Structure formats: C-alpha cells, structure tokens
Amino acid sequence: MVLQLYNTLTRRKERFEPIDPTNVRMYACGPTVYDFIHIGNGRMLVVFDLLFRVLRHTFGPEHVTYARNITDVDDKINARAAEEGVAIADVTERTTRQFHADAAGLLCLPPTVEPRATGHIDEMTAICELLVEKGHAYVAAGHVLFDVPSMPDYGRLSNRSVEEMEAGARVDVAPYKRSPMDFVLWKPSKPGEPSWASPCGIAEPGRPGWHIECSAMAGKHLGQVFDIHGGGIDLVFPHHENEIAQSRCAHGTAVMANVWMHNGFLEAEAGEKMSKSLGNFITVRELLDQAPGEAGRLALLSSHYRQPLPWTERLVFDSRRTLDLWYELAADADDDGEIAPEVLDALLDDLNTPRAIAAMHVLRAEAAKGSSDAKASLKASARLMGFLQSSLETWRAWRPAGVTIDETRVDALITARLEARKRKDFAESDRIRDELAAMGVQLKDGKNKETGEFETTWETKR
RNA sequence: GGCCACGUGGCGGAGUGGUUACGCAGCGGAUUGCAAAUCCGUGGACAUCGGUUCGAACCCGGUCGUGGCCUCCA
C-alpha cells in the first residue's frame, strides 16, 4: 500500500510522489496569535500532525520537513493589544505560549520549523519587488497590489473564474485598485501600528497584507516548489489562492505545492460551522480542562478529515472510554509490536482515521481475548497515531481542571470498604461508596488479572 | 446569483457495483452481595424518483433536504 492523498488542486485522490524522498516538505498555515485557539484550529493541528507522523513513518523521521508558521502581525493582534493596553509583543508572546501548550496538549509533535511572520519581513518585501518587476503587481496609494488579471489561471485551486468572482463580488473595491479582485501585498501603516520600511519605492513605512507571509515563509524554508500545503477548507479562497498567485508569479513556477490538502469544519449544534465570528466555539484550553488531550485528539480524528465533524460532549466522553480500554490493555504489552497493516493501510489511504480506529477496535477485542500479538500491535498502532503517549498511571491520574481529590482519604475509605465487604457488612460498604460518590469518586470493583484477587480501583466521575 | 460538499441503522461514522465495517446506546447473557466497570453475544441502514446493469446504498440523471465558500476564519 502506498500513500494516497486527496488533492484539492485536482479534486482527486492521488498517489503521493515526493519531489525528494530524502526531504519531504510540507507546510501548514498556523494560527494568528491573538487569542486562545479553538477546537477547529485543533482539528487542523491534529490532522496535519498525523500526516507528519505518517510521512515520518513512511520516509524516515529525518526525511520530513514540516513548517507550520505563526502569524504575529495582523490587525486583530493590534486591536487586542490596544484593547488590553499592552504592547503588541506581549499579546503575541503570551498567545504563542498558550498555543504551544495547546498543541502539545493534543499530542502534536513540534513542527520541524515554526517561522514567524515578523522574522520574514525582508522576504516579503523581496516578493513584492519581484512581483512588481515582473509585471504581476503595482504600486498605488502607498499599497503594493497583486494584479490578478496578469495571472491567466488565477482561481484554479478554488475552481472559479475571475469573471464569476467579480459577478458575485462582495469585496469593497478600493478606488486605487485596477481590478476589483486585486489584493493587497503591502499596505501603509497608520501611526501606532507596527511598520517596516516599504518596498517598491514607497516612502512611507508599511506592513504586509494577509497572504504574503505564507508565501515568504514557505519559500524560505521549503523552497519555491514543495510537496504538500495544508490548512482548513475555508482557506482555499482567498488565502491559498492568493498565496499560489504570489508565489508562482514571483518564482515563475507551474505550481507552488504539488498537493493541497484541506480539512473540513467542526460543527457546533444544529449543524452549524463552528467559528470565531459566530461565537459558537470552544477553545482547546477548555477541552483540555475537561478531558485528557488524547481523548480530544481521538475525538478530532473520529471522522475523516475532509468531512464535517459534529462536536458533542458525548464524543469526547466516548473517546476517553475507548482510550481507557487501550491503555488498560497496552499497559503490559511488548514495546516491539508490529503496526497493524489494517491500521497503516487505512492511514495511507488519505488518512482514513475512522477505518484505522475501527481496526484498532478489532485489535482491542483480540487483545482482550488474550492475543499478545494483538496487544503489542494495538500499542504500536496507537503510538503511530499519537495515542498511548503516557503511562497507564499518568493516564489514570488525569483530573479535570479545578478538581482536587484527597487521594489519601480515598484510599483509606476504599480500604475501610473492603474490610466492611469482608465482614459482609454491605450497609457500611454501600455507605462508603456513596460517600466517595459524593466526593466525585467512582469506584470500579474487579479482579486482579494476575492474582485473581478482588480489588477496587477508582476514577473521577465523568 | 456563482462555485463546492454532503444526505447510511436511535446517535456517531467508514465503505462500496454481488460477501460483517466499527463505536456508543438498546436487547440477551457472564461476572457481582447489589451497583458501576469489564467480558461475550445480538436485532437494526443506505433521502427520494427514474435510468444503466444479470445485479446498485455504491455508476448516471432529476427531485427534495442540509451545510460550506464567494468578507476575518482551521
């Protein structure tokens, strides 16, 4: 089985052929750092992290370069800083720290490189110069604007023609634009806004437009043409379309990236897109407060990445239960198990995570019946996908944010209950169980697998 | 208005021209002092109408419905 990926550019699933198998290069559009990310951003992180892991497995960990940028210059950041009365850098640094914690919380590996927009201003102005030089951009009223009609196949990624877009255009047409679809590469800064020396002979200082930072960073870290570019489906137009326009016209290449991948949306209740502007979102931080990160990760991978994913508390709950079973079983599994072919095949088939997870359920059942091969395979397969990343003890010790339980007291009560049970004093035994329940502790009676002895474990109520 | 997805059992969710997806819930059983947890087993589906085909949930067309993009957005 070879890796196949769905390519937005061709609207087909295609066999993945890297430009250079010793250096497979992928780029994903990371966050604009002005606030906590929400779980839709989390889905993108997890999906491309999984792809990163699959590529590393296929081509070797040292043969994959994953660039995921941080956009730290943007109007929303400026607005947030003004609102809080703090320096812009305070907002971007704090939010970047939060973002790193959230990404790690969802078990995402750090990308190979994590470029920041503000560190690539020179590359951005260079692209502006190049585009003006080549007749694909022009200067007007202190702006550098991309000249959309100068690019014959503009709109190929989103499958729309300039005429169509103009027909339904809701964009404000600034008077200095030659064509309504032209977009900003560089714009003047107002006093108090971050600013840099402008390119193309513009005297006033300015700042970059929205799309140019990705062209600059991808070009610098991955080259003029690279393998995979990803992001949320809402980025297809205009963001990725414009990135493509800038990069291809500046570099004179036929493509910017060979494969374009886009993940679908999370849906809030009523099948509505979850988004910041609608306000119907929950943050990754809130998710990580109420469930272990791996449960959130499993929930985010529970439908195929291109499909919409209805988000419910139930989904997170079920995901956590599933992981409970995997953790319990894998605890004493061999570390050198084989990744199950069914799991790997599913992942290689355009990251078919629901199929991979179904295969894991089958392995789990076999492992539960006593197959040590299945058990080791379950562990290896789960690890490939970014699960079972901690010990059983750590997994069990997870607590929701704000919940503190006096474990010494819990242990004492459990011991007292076991003694009461031995005396067949079930009234007392049940009373203690109720007392623990009131503390938010759920008891689980069972038999020790090895000794066969009766034993009681516990967890926080869910 | 233009472009693009999607419509599978109570819920979630893969798949696909002819054979079990899978999970949760339900039901039955095992276990348990009783629960919970766990384990085993099990019923139940392919929006609608036509067409192609020996055979379609899967291909084609119409209809109905839902959602997304076209503006900041993962």
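What's counted below: heavy atoms across the whole structure, side chains too, no hydrogens, waters or symmetry copies. A, B, ... follow the sequence lines: proteins, then strands. Residue 1 opens every chain. These numbers were taken from a predicted model, which means no experiment stands behind them.
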Interatomic distance at P, B/rU53 relative to B/rG13, whole Å: 36 Å

Side-chain donor/acceptor contact of A/S429 with base of B/rG33 under 3.5 Å: yes

CA sep, side-chain torsions, deciding dist, call: A/L298, A/F387, side-chain contact (heavy atoms from CB on, under 4.5 Å): CA-CA 8 Å; A/L298 184 59; A/F387 299 113; 3.7 Å; yes

Donor-acceptor pair under 3.5 Å, A/R433 side chain vs B/rC34 base: yes

Spacing of A/L9 atom CG relative to B/rC3 atom C1', expressed in whole Å: 16 Å

Summary of salt bridge (Lys or Arg N to Asp or Glu O under 4.0 Å) pairs that have at least one residue in residues 109-118 of chain A, sequence neighbours excluded: A/R68-A/E114

Euclidean distance, atom CG of residue A/N41 to atom P of B/rC72 [Å, nearest integer]: 17 Å

What's touching nucleotides 17-26 of chain B from the protein side, N or O pairs under 3.5 Å?
unit_1, atom_1, unit_2, atom_2, d
B/rC24, O2', A/R314, NH2, 3.1

Nearest-Å distance once atom C1' is located in both B/rG55 and B/rC59: 13 Å

Secondary-structure string, 5' to 3', Watson-Crick or G-U under 3.5 Å, | for another-strand partners, for RNA chain B: (((((((..(((.....[...))).(((((.......)))))....(((((..]....))))))))))))....

Contacts of A/Y327 that satisfy side-chain hydrogen bond (donor to acceptor under 3.5 Å, both in side chains) - sequence neighbours left out: A/E294, A/S390

Option from A/F183, A/Y176, A/W186 for which ring pair (Phe, Tyr, Trp, His ring centres under 6.0 Å) with A/H143 holds: A/Y176

Check: A/L384 and A/L347 side chains under 4.5 Å, non-hydrogen atoms: yes

Salt bridge (Lys or Arg N to Asp or Glu O under 4.0 Å) involving A/R421 - partner list, sequence neighbours excluded: none

Rounded P spacing from B/rA36 to B/rG28 in Å: 13 Å

A/N159 side-chain N/O to B/rC4 phosphate OP1/OP2 under 4.0 Å: yes

Please produce a list of atom pairs where a protein N or O lies less than 3.5 Å from an N or O of nucleotides 41-46 of chain B.
none

Side chain A/N7, main chain A/R12, donor-acceptor under 3.5 Å: no

Donor + acceptor pair across side chains of A/Y66, A/D49 (<3.5 Å): no

For atom CG of A/L300 and atom P of B/rG13, their distance in whole Å: 13 Å

Nucleotide nearest A/A365 when distance is taken to its side chain, options B/rG12, B/rC40, B/rA14: B/rC40

Closest nucleotide among B/rA74, B/rU38, B/rC6 to the A/R321 side chain: B/rU38

A/K76 NZ to B/rA74 C1', straight-line distance once rounded to whole Å: 12 Å

Candidates B/rG67, B/rG33, B/rA14 - which lies nearest the side chain of A/E267: B/rG67

Closest to the A/D234 side chain, choosing from B/rG33, B/rG13, B/rA74: B/rA74

hbond_proxy A/D430 side chain to B/rA35 base (donor-acceptor, 3.5 Å cutoff): no

